[in-house]
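What follows is one structure encoded as structure tokens, with my remarks underneath.
In listed order, ligands and their atoms are each counted from 1. No experiment lies behind these values; they were computed from the predicted model shown.
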Amino acid sequence: TAAEPALVIENLIAGYRGVPAIRGVNLRVDPGNILALLGPNGAGKTTTLLAAAGLLTPLSGTVTALGAPVSGRVERTARAGVSLIPDDRGLFHRLTVTENLRLAGGRDELDQALERFPQLRPLLRRRCGLLSGGEQQSLAIARTLMRKPRVLLIDELSMGLSPIAIQAILPTLRQLADETNLAIVLVEQHIDQALSIADSAVVLHHGSVALSGPAAALREDRQQIQRAYFGR
Ligand code: ATP
């Protein structure tokens, strides 16, 4: 029997002050899968994530998380297990790494987080604002995992990260999906790197889905993606 999808977005129209920024977006992620959400600046990637997290109320269409209708209901969405890491990562820069982690849970969760991200151990007493981009992103992911999400939405994963840090963090996400059945929606500017760990991809252009399919197929046809970026 097919597993229940982790996240389903159907015919979603959402935007700001009644003006649509995305129009008719459809996507689906299964547990343990990674979906790369791609597209040029202003295509509607962040808007899609905000709607998926329940932070934007759809003008129409639906968001379903683990079988529960959650459209526009931020608390219900969080309870269903959907967590968003925003592009600014939402960390408290004046607090230490430990303090940032403790805001998300107790000792047990913190220990589990450090097992998955051992690179944070020597940094625990460091102020978060003094960490590198890669360390901050690891902290943001570790902190979010302490809430035991079933769907993780990550906006602009690699913003402010060095190429080496990007290379280090992508396999961690793949492992998380494989080992914990977490579903991940990944907004990422580096198309090839995102496709290298993703199971599927959706390319947005001007608020609509220009292209979608299995990541393996899209890796084979880079030109198709190029055309989708230009809306052709
Ligand atoms: P980027 O990579 O630049 O973040 P994106 O694909 O995430 O791009 P969105 O941020 O979702 O795109 O923006 C989609 C459209 O919605 C854009 O035209 C943008 O100008 C508009 N928009 C985004 N945020 C707001 C807002 N708070 N108020 C009004 N319009 C907005």
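- Thr46 CB, 3.6 Å is the protein heavy atom nearest to atom 10 (O) of ligand 1.
- The 12-atom threshold is not exceeded at NE2 of His206, counting heavy atoms of other residues, nucleotides or ligands nearer than 6.0 Å.
- Taking CG from Asp88 and CE from Met159, the interatomic distance works out to 8.5 Å, rounded to the nearest 0.5 Å.
- For atom 12 (O) of ligand 1, the nearest non-hydrogen atom of the protein is Gly44 N, 3.1 Å.
- For atom 4 (O) of ligand 1, the protein comes within 4.0 Å by at least one heavy atom.
- Atom CD of Gln193 sits about 5.5 Å away from atom CD1 of Ile166, to the nearest 0.5 Å.
- Considering both main-chain and side-chain atoms, Ala21 never comes within under 3.5 Å of ligand 1 through any nitrogen or oxygen pair.
- The single protein non-hydrogen atom nearest to atom 22 (N) of ligand 1 is Tyr16 CE1, 3.4 Å, given as residue, atom name and distance.
- Glu135 and Gln119 share no donor-acceptor pair across their side chains, judged by distance under 3.5 Å alone.
- Pro40 counts as a contact of ligand 1, since one of its heavy atoms falls under 4.0 Å from the ligand.
- Residue Glu156 has at least one heavy-atom neighbour below 4.0 Å for each of these atoms of ligand 1: 2 (O).
- From the protein, the heavy atom lying nearest to atom 14 (C) of ligand 1 is Gly42 O, 3.4 Å.
- Between Asn41 and ligand 1, at least one pair of N/O atoms sits closer than 3.5 Å.
- Counting heavy-atom neighbours within 6.0 Å of Arg150 CZ, excluding the residue itself, gives a total of 12 or less.
- Contacts between Arg17 and ligand 1 below 4.0 angstrom, taking non-hydrogen atoms only, are absent altogether.
- Dense packing is recorded around OH of Tyr16, with more than 12 heavy atoms of other residues, nucleotides or ligands lying under 6.0 Å away.
- Each of the atoms 5 (P), 6 (O), 12 (O) of ligand 1 lies under 4.0 Å from some heavy atom of Ala43.
- Remark: ligand 1 atoms within the under-4.0 Å shell around heavy atoms of Thr47 are 9 (P), 11 (O), 13 (O), 14 (C).
- Note that the OG atom of Ser138 and the CG atom of Leu120 stand 5.5 Å from one another [nearest 0.5 Å].
- Proximity of a side-chain donor or acceptor of Asn11 to a complementary backbone N or O of Gly61 within less than 3.5 Å is not detected.
- Here is the list of ligand 1 atoms found below 4.0 Å of a heavy atom in Gln189: 2 (O).
- In this structure, atom 19 (C) of ligand 1 is not in close contact with the protein, since no protein heavy atom lies within 4.0 Å of it.
- The distance from the CG atom of Leu123 to the CZ atom of Phe117 is 13.0 Å, given to the nearest 0.5 Å.
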